[in-house]
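What follows is a set of notes on a single structure, which appears directly below.
Worth saying up front: this structure is predicted, and the values here are computed from it rather than measured. First the proteins, then the strands, lettered A, B, ... as listed; each starts at 1.
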Amino acid sequence: MRIATWNVNSVNARLPTVLEWIQAANPDVACFQEIKCVDEKFPREAFEDLGYNVETHGQKSYNGVALLSKFPLSDVRRGLPGDDADEQARYIEALIEAPRPIRVASIYLPNGNPIGTEKFTYKLAWFERLQNHARELLTLEEPLALCGDYNVIPEAEDAKNPAAWAEDALFQPQSREAFRALKWLGLADSHELGREPPGTFTFWDYQAGAWRRDHGIRIDFAMLSPQAADRFRAIETHRDARDMDKPSDHVPVVVDLDLEA
DNA sequence: ATGGTTGGAAACCAA
């Protein structure tokens, strides 16, 4: 079972790039973030033609997440529980009906900048809701992968130049603490399971030659329940995708699980 | 010192 997560930064603006990558990587499941379109505008036929079932939780202009799967999807949940007034499309979850099923979520955590504003408050509140929901899901004691753009730099080694992020919402102590709290519930970071080296980044800004100078950060993760982590086989961070034509500012992260084991 | 979206210029959002 190959599961990928990728913040595509507009699926329609980048459709040829995304299609080229997904055909080459051939994941069983793909979690997209920042599709930046409503459900009706998602180019579902292009992915269905490649053998994917498609479920989206879209929004006009901003945010929006999607789940694509070569296996049937069921038990689809759109939106993160815990705040009925939250209208931002940042969470979709489904059961992947493979021979050995796995529950997968595509997550787009709020950015939270600038700090000291209601945006940062919203980020922390969203993190707390995610903790609460993850706690519920973990009681199922089943294979589970919470994948996406977490918009947090967990450790200094997850940035080329940590000092440059000192005042940024992504590297605030409260953001990092919230991410650790999620981990300590019992979700393993695939990056650690795979022992990827420091300097394995998933995002480089479009500006100021960040890619050319490798001024990246690691903010896209595949978090695994014990039942999934036990079957972890490999992780690949597709750095080469940052050099494609019309690249996203994020690159895909791909994990392989041996669910038959 | 960019790029996407909206809306038909410049503002907002991204991280």
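- The nearest whole Å value for the distance from the CD atom in A:Q59 to the C1' atom in B:dA14 is 14 Å.
- Between the CG atom of A:D168 and the C1' atom of B:dC13 there is a distance of 14 Å, given to the nearest Å.
- The CD atom of A:E34 sits 9 Å away from the C1' atom of B:dC13 (whole-angstrom rounding).
- We find that CZ of A:F120 is positioned 18 Å from C1' of B:dC13, with the value rounded to whole Å.
- Taking 4.0 angstrom as the limit, A:N111 places a side-chain polar atom (N or O) nearer than this to OP1 or OP2 of B:dA15.
- Side chain to side chain, A:N26 and A:K70 meet the donor-acceptor criterion of an N or O pair below 3.5 Å.
- No contact: A:H215 has no heavy atom under 4.0 Å from any strand.
- Distances shown here put a side-chain N or O of A:S10 below 4.0 Å from the OP1 or OP2 atom of B:dT5.
- Across all strands shown, A:R90 has heavy atoms under 4.0 Å from sugar-phosphate atoms exclusively, and none from any base.
- A:Y108 comes within contact range of the sugar-phosphate backbone alone, with a heavy-atom separation under 4.0 Å but no base atom that close.
- Residue contacts shown for A:D220 are absent, as no nucleic acid heavy atom lies under 4.0 Å away.
- For A:G112 and A:A208, each mapped to the nucleotide of DNA chain B holding its nearest heavy atom, the one lying further toward the 5' end belongs to A:A208.
- For A:F203 and B:dT2, the CZ to P distance is 14 Å, given to the nearest whole Å.
- Nucleic acid contact for A:K123: none, since no nucleic acid atom lies under 4.0 Å from a heavy atom of the residue.
- No side-chain donor from either of A:N9 and A:E34 sits under 3.5 Å from a side-chain acceptor of the other.
- Side-chain nitrogen and oxygen atoms of A:N9 include none within less than 4.0 Å of the OP1 or OP2 phosphate oxygen of B:dA15.
- Taking atom CG of residue A:N63 and atom P of nucleotide B:dG4, one finds them 17 Å apart after rounding to whole Å.
- Using modelled atom types and a 3.5 Å distance limit, the side chains of A:N132 and A:R129 yield no donor-acceptor pair.
- The OH-C1' distance, from A:Y150 to B:dA14, rounds to 20 Å in whole Å.
- As judged by a 4.0 angstrom heavy-atom cut-off over every strand, A:K119 is placed among residues touching the sugar-phosphate backbone only.
- Below 30°, between 30° and 60°, or above 60°: for A:Y150 and A:F179 the angle between ring planes is above 60°, a perpendicular geometry.
- Taking atom P on both nucleotides, B:dA1 is separated from B:dC12 by 23 Å, rounded to a whole Å.
- Among the nucleotides B:dG3, B:dA14, B:dA15, the one closest to any side-chain atom of A:Y206 is B:dG3.
- Residue A:H250 has a polar side-chain atom (N or O) positioned under 4.0 Å from OP1 or OP2 of B:dA15.
- Comparing B:dA9 with B:dA14, their P atoms sit 25 Å apart, to the nearest whole Å.
- Both distances falling under 3.5 Å, in either a Watson-Crick or a G-U wobble arrangement, place B:dT6 opposite B:dA10.
- Rounded to whole angstrom, the span from the CD atom of A:Q207 across to the P atom of B:dG4 amounts to 13 Å.
- Residue A:T202 is tested with A:D220, A:D249, A:T237 for a side-chain hydrogen bond (donor to acceptor under 3.5 Å, both in side chains); the sole match is A:D220.
- Each of A:R212 and A:K246 has a nearest nucleotide on DNA chain B; the 5'-most of these lies closest to A:R212.
- Dashed line: the shortest gap from a side-chain N or O of A:K36 to OP1 or OP2 of B:dA14 is not under 4.0 Å.
- On a pure distance criterion of 3.5 Å, no polar donor-acceptor pair joins the side chain of A:N151 and the base of B:dA15.
- Taking each heavy atom of A:E196 and A:H191 in turn, the nearest pair found is OE1-ND1, 2.8 Å.
- Side chains of A:D39 and A:T56: a donor-acceptor N/O pair is present below 3.5 angstrom, by distance only.
- Rounded to whole Å, the P atom of B:dG7 lies 22 Å from the corresponding atom of B:dG3.
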